[in-house]
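Have a look at the structure below, then the notes.
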Amino acid sequence: MRRGAQERQGPLVGSGSAAPVAPGTGFIPVRESRGSRGATTPFRGRPLNRIGGPRAPRDGPPTRFGGIALLLTVLCAALLLSSLPPLSHATPSIGDLSSTSSAPTGARVTLEAYNSGQVSYIAGIAHLLKAGDTIDLGRSLANNTPDIATLNAWAQQLSSHLPAGVTLTARVESLPNVRIAASSLSPLFGGIMIDYEPSLTFFPSWTWNFTAALAYYTSATAICHQYHRLAYAYPSGRALLEGDLQKDHWSYGAIAKVVDFVDIEAQSDASPAKWPVAISKLTTQFAAASVPIDRLTVQISLGSGGNGVSEALAVQDGRYAANSTVGSIYIWWSMTTESWVVPIVTTLENLAVRSGAVAVEPVSFTESGLPAGTAWWVNLTRGSSFESTTTNLSFTEPNGSYAYTVASADIALGPQPASGEFSVAGSAVTVPVTFDGSIFPVTFTESGLVGSLPWSVTVTGQPAVVSSGPTLSLTEPNGTYNFSVGSINLSYSVSPASGRFTIDGSGIALGVTFALNLYPIRFVESGLTAGTSFRVTLVGSILASSNGTIEWHEPNGSYLYAVDTVPGFSLVSSSTGQVVVVGHSVTVDLTFVAAAPGTSPPVGSSAGPTAPVGELLLVTTAIGAAAGIASWRISSRGRRVALGQPSAPRTDLGRDP
């Protein structure tokens, strides 16, 4: 499990409403200052009476002394208000947040809560938090649909306790749930925490293919911004240091370029040996993507089993991350580790320095086989590129693991190895490369994609190659290579999705097949007597069933349907409608009721019997008479006011007009 021995259940929550800012900066949550709550703007004219005209003046003018006293009171109040500091109404923008990375303000903290007990606990320690912190609320139902009502109730419960500037986020998974949360949650939520990890077996779009993962976050961010919410990526951190996943070429810095913030599930790397390496690798990826490191959050799970760490190690890891200028430390906890939360939060919130100093070590590539003076390059995957015209090429990198590719200006000479990985762990690194001659074509041919949909192939340690046609070509020297295949369009699956090929003195051709993913659309009836048939039309075809269910299998898209009339029965809901397929099955419930003897109610009508025309005429006449009497009373009262006549005493004070 990814957060210790206990599985988490859902998303986070942020306090404050969200308002758009300048293009390119995302959307920033704005939390109302407590000092301004309930304030109203005074009316700056004569008061209005209940029908909109000016209210009659009081009898007699004010005395001269009363006017002087009133003037002095107003002047004193103005002097007092001018001496008060202005109220703050908003949290910093993304740009403002990035400027705080070197300030001695301590680490920012993100706390998770996925049950009512944790929410109540956070409300009790809210005074320890500060602006810039985040509360991540997660609550999914058994079918993984966000429990909007509970999330909104939790947000309301916390909002009165949290300091200004603390953001509430709601954690969800899959694009349909992102849209549900973004469009339905309370304005108290500043952002959506978008989960993406392989343990979510119900996640239809999950893949280790990084091109597809990046497309997923791009789409999710567009949905969040459409509803003025910040997009927080919450991806698995396994691709950081797990060797067999390096072939997928994940870059969390690249994810950060398409979302507003990245919260990485890095708890599996929280051991003393792994944590510095993981933080260093993340720092390098964010720098390569030109994204401020303080938009990064790393997760630490508390607990004695699974991925959990002790209270002391959590503080040590949090301090290390803060000194590396990581934006926030995500603390996952359960009620069994409740007593650890306050000491950890207190320590992190009061760190005196966030230095940002990261040690680097020399890395040298040495080549042989190239003619003197020939330019050659070393490219760090999703990172920097270095060039040399001598036999040595040197640069520096912090501790971490790096994938690289090698190329030269002489395309007739192929490098050996053409790609690979190296690790920096506190000492210098040297990588030898030999240019020995030949490179050979590798051709991938696809079938199954419609039109010019882009697809990609990623070969060991190299950037993805993208094509919008049926073939995709690259060149490689002799050697054995791993590859993965993906499509930007997540409606398709591919076979094989990954594999291995060997170049041995000649080119090679490989084929891949894409297939459109189909999902069930089910129409399930209730109310018909056993054996009664019903018919539904969808995508131009008509299906009938007498066993209660009709089913189509269709790709993602929107589909219109129509339900035929069943003699002797009426349909409670509409007989026509639309279903939308987005990565999972859809069920439409059809409820029939038996028609009364001698009647044949129209399909899709749930209205009761129609009122006789005479009764409708009587009701209409009564309403018109009431309206006329009310109009006469209002106009009479207005004439009395206009003529200076006293109006009848008011007996409706405190009621709505």
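What you are looking at is a predicted structure, and each value in this text was computed from that prediction instead of being measured. Hydrogens, waters and symmetry mates play no part in the numbers below; they use all other heavy atoms, side chains included.
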With side-chain contact (heavy atoms from CB on, under 4.5 Å) as the test, would you mind laying out the steps for Arg108 and Asp294 before giving the verdict? CA-CA 10 Å; Arg108 294 200 294 274; Asp294 67 355; 3.9 Å; yes

After noting the C-alpha distance and the side-chain angles of Tyr216 and Leu175, does the key distance pass the side-chain contact (heavy atoms from CB on, under 4.5 Å) rule? CA-CA 8 Å; Tyr216 167 77; Leu175 294 181; 3.6 Å; yes

Report the C-alpha distance between Val524 and Thr587 in whole Å, list the side-chain angles of each, state the deciding distance to 0.1 Å, and finish with yes or no for side-chain contact (heavy atoms from CB on, under 4.5 Å). CA-CA 7 Å; Val524 180; Thr587 298; 4.0 Å; yes

Given the rule in the side-chain contact (heavy atoms from CB on, under 4.5 Å) test, do Asp260 and His225 qualify, once you have shown the distances and angles that lead to the verdict? CA-CA 10 Å; Asp260 298 307; His225 288 181; 2.8 Å; yes

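Aromatic rings of Tyr234 and Tyr196 (six-membered ring for Trp) have centroids beyond the 6.0 Å cut-off, not under it.
Around CD of Gln156, the count of heavy atoms belonging to other residues, nucleotides or ligands within 6.0 Å does not exceed 12.
Residues satisfying the side chain to side chain contact (heavy atoms under 4.5 Å, CB included) test with Ala182, not counting sequence neighbours, are Ile192, Ile223, Tyr227, Arg229. Taking Tyr252 as the reference, Trp250 meet the ring pair (Phe, Tyr, Trp, His ring centres under 6.0 Å) condition, with sequence neighbours excluded. Listed by chain and number, the residues in a side chain to side chain donor-acceptor pair (under 3.5 Å) with Arg319 amount to none (sequence neighbours excluded). Considering only residues two or more places apart in sequence or on other chains, Ser120 meets the side chain to side chain donor-acceptor pair (under 3.5 Å) condition with Gln157. Here Asp133 pairs with nothing under the salt bridge (Lys or Arg N to Asp or Glu O under 4.0 Å) rule; sequence neighbours left out. With sequence neighbours left out, the side chain to side chain donor-acceptor pair (under 3.5 Å) criterion links Thr150 to Asp147.
Closest approach of Pro146 and Val172 over heavy atoms only: CG-CG1, 3.6 Å. Trp208 approaches Ala239 most closely through the heavy-atom pair CZ3-CB, 4.0 Å. The two residues Thr207 and Ala212 make their nearest non-hydrogen contact at CG2-CB, 3.5 Å. Between Gly237 and Asp269, the closest heavy-atom pair is O-OD2, 3.9 Å. Residues Ile255 and Pro235 approach most closely at CD1-CG, 4.3 Å, considering heavy atoms.
Between the side chain of Lys257 and the main chain of Ala289, a donor-acceptor pair closer than 3.5 Å is present. Formation of a donor-acceptor pair under 3.5 Å by the Trp333 side chain with backbone atoms of Val341 is not found in this model. Side chain of Ser324 to main chain of Val326: no donor-acceptor pair is present (N/O by atom type, distance under 3.5 Å, no hydrogens or angles). At least one donor-acceptor pair closer than 3.5 Å links the side chain of Lys281 to the backbone N or O of Leu240. Between the side chain of Arg295 and the backbone N or O of Val262 there is no donor-acceptor pair closer than 3.5 Å. Under a 3.5 Å cut-off, the side chain of Tyr121 and the backbone N or O of Glu338 do form a donor-acceptor pair. Formation of a donor-acceptor pair under 3.5 Å by the Tyr217 side chain with backbone atoms of Ala231 is not found in this model. The backbone N or O of Ser186 lies less than 3.5 Å from a partner atom in the side chain of Asn152, making a donor-acceptor pair. For Ser310 (side chain) and Leu313 (main-chain N/O), a donor-acceptor pair under 3.5 Å exists by modelled atom type. Not one N or O on the side chain of Ser491 forms a donor-acceptor pair closer than 3.5 Å with the backbone of Asn556.
Put simply, the side chain of Pro163 does not reach to within 4.5 Å of the side chain of Lys130, judged on heavy atoms. In this structure the side chain of Val277 never reaches within 4.5 angstrom of the side chain of Trp275, judged on heavy atoms. Using a 4.5 Å heavy-atom cutoff, the side chains of Leu296 and Leu282 are in contact. The shortest distance between side-chain heavy atoms of Leu214 and Thr211 does not fall below 4.5 Å. Inter-residue side-chain proximity for Gln299 and Ser301 is flagged as met; some heavy-atom pair is nearer than 4.5 Å. When side chains are defined from C-beta on, Tyr330 does not count as touching Thr134, because their heavy atoms never get closer than 4.5 Å. Between Thr297 and Ile264, the closest side-chain pair of non-hydrogen atoms is not below 4.5 Å. Contact check for Phe261 versus Leu230: side-chain heavy atoms found under the 4.5 Å cut-off.
Taking CD of Gln118 as the start and CE of Met335 as the end, the distance is 6.5 Å to the nearest 0.5 Å. One finds the CD1 atom of Ile122 at 11.5 Å from the CG atom of Leu128 (value rounded to the nearest 0.5 Å). A distance of 9.5 Å separates CD1 in Ile344 from CG in Leu111, rounded to the nearest 0.5 Å. Here the straight-line distance linking atom CG of Asn323 with atom CD1 of Ile279 works out to 11.0 Å at 0.5 Å rounding.
Side-chain polar atoms of Ser328 and Thr110 form a donor-acceptor pair below 3.5 angstrom.
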